[in-house]
Amino acid sequence: MKLKPQTTEEKSKGGFKERRKDCIQNLAKEVEKMDFKGKDYLTVALRHNHLLKYFPESRIDEEIIFQDEKKVICKTVLYIGETAYSTGHAEEKRDSSFINKTSALENAATSSLGRCLASFGLHGTEFSSADELANAILNQKDSIKSKIKKQTTETKLTALYSDWKKENDSIEKDFESQQQSIKKNGGQNVRQW
């Protein structure tokens, strides 16, 4: 699909520039972020709900670009009215994690939407979303098993466990914080198709 270029007059219709500026500037104030190693991440669902608050006329188009038994590639385009404003792509490998064995398509679609929203300007201090971060952490869990098997001394094994425990305690706090946020703000995964 070829995107139609927009004139300056069309872009400023309905105060688009002001609404977009307010939407992006108020994201940090209105949406609770997840801190991980000093960087801010936001879930796709919260960023999408934030977008809808400022642009209720927005529309999300998702497309499966490629899908087979090994991987899924999705593309998401954000429209405001009839104009495409941003695009996001994501690829998920079906054998990359336990979750992807059954939900690679869903993960690719969510990541694609997250990248599309980030392209529009809705992201934390990092372009990747909290959802993508959680997925990456889950993928690292498989690698810890291989690291355990590679340890040749009790001292190295104990050090590995200590490092793993510190990181997982931090992650547990992040999950608890997000859980409180969901309880406070309501847990909705709403998509406008």
Side-chain angles (χ1 to χ4, degrees), residues 3 6-62 74-90 92 99 106-140 166-193:
L3 301 179
Q6 203 179 33
T7 67
T8 305
E9 181 183 325
E10 288 173 320
K11 284 184 181 179
S12 65
K13 267 188 186 175
F16 170 81
K17 287 181 182 180
E18 292 80 22
R19 284 195 299 158
R20 182 170 184 257
K21 180 180 172 187
D22 289 344
C23 180
I24 292 169
Q25 286 180 340
N26 292 330
L27 180 67
K29 297 177 209 166
E30 297 175 2
V31 178
E32 191 169 335
K33 56 192 166 282
M34 181 176 117
D35 178 66
F36 184 73
K37 295 186 178 183
K39 296 178 180 175
D40 296 332
Y41 296 88
L42 301 162
T43 66
V44 173
L46 291 175
R47 287 185 290 141
H48 187 235
N49 286 340
H50 182 76
L51 172 79
L52 292 174
K53 178 179 173 182
Y54 288 86
F55 294 97
E57 75 279 17
S58 66
R59 175 173 54 94
I60 301 293
D61 281 352
E62 273 185 354
C74 288
K75 173 184 173 182
T76 302
V77 179
L78 167 65
Y79 289 87
I80 310 262
E82 295 302 312
T83 304
Y85 277 93
S86 63
T87 303
H89 293 84
E92 291 289 338
I99 292 171
E106 293 88 339
N107 287 337
T110 300
S111 292
S112 176
L113 174 57
R115 291 192 168 273
C116 181
L117 293 169
S119 292
F120 186 71
L122 299 176
H123 52 79
T125 57
E126 297 301 307
F127 200 78
S128 59
S129 69
D131 306 80
E132 289 175 316
L133 176 64
N135 192 26
I137 290 167
L138 286 171
N139 288 335
Q140 288 175 355
K166 284 179 196 172
E167 186 173 331
N168 281 296
D169 287 346
S170 170
I171 293 168
E172 186 175 343
K173 288 178 187 173
D174 290 338
F175 276 108
E176 288 170 359
S177 172
Q178 184 63 18
Q179 183 180 32
Q180 293 304 315
S181 172
I182 291 169
K183 285 179 182 176
K184 176 182 165 190
N185 300 324
Q188 298 178 358
N189 283 323
V190 179
R191 284 194 177 180
Q192 296 285 325
W193 301 109

For a side chain to side chain contact (heavy atoms under 4.5 Å, CB included) check, start with the C-alpha distance between F55 and L78, then their side-chain angles and the critical distance, and finish with the verdict.
CA-CA 11 Å; F55 294 97; L78 167 65; over 6 Å; no
Once you round to the nearest 0.5 Å, how far does [atom1] of [X] lie from [atom2] of [Y]?
{"X": "R47", "Y": "N49", "atom1": "CZ", "atom2": "CG", "result": "11.5 Å"}
{"X": "L46", "Y": "E30", "atom1": "CG", "atom2": "CD", "result": "12.0 Å"}
{"X": "H48", "Y": "T110", "atom1": "NE2", "atom2": "OG1", "result": "11.0 Å"}
{"X": "L51", "Y": "R20", "atom1": "CG", "atom2": "CZ", "result": "10.5 Å"}

Quick one: closest heavy-atom pair of S119 and T87, and the distance?
OG-O, 3.3 Å
Partner residues of E57 under the side-chain hydrogen bond (donor to acceptor under 3.5 Å, both in side chains) criterion, sequence neighbours left out
R19
So, using side-chain hydrogen bond (donor to acceptor under 3.5 Å, both in side chains) as the criterion, who are the partners of K21 when residues are at least two apart?
none
Test side chain to side chain contact (heavy atoms under 4.5 Å, CB included) applied to I24 and L122, step by step
CA-CA 6 Å; I24 292 169; L122 299 176; 4.1 Å; yes
So, T76 and S112: side-chain donor and acceptor under 3.5 Å apart, yes or no?
yes
Quick check: F16 with Y85 (ring centres under 6.0 Å apart)?
yes
Partners passing ring-ring contact (aromatic ring centres under 6.0 Å, His included) against Y54 (at least two apart in sequence or in another chain)
H50
Would you indicate whether the side-chain heavy atoms of K53 and N26 approach each other to under 4.5 Å?
no
Taking S86 for its side chain and C116 for its backbone only, find out whether a donor-acceptor pair lies under 3.5 Å.
yes
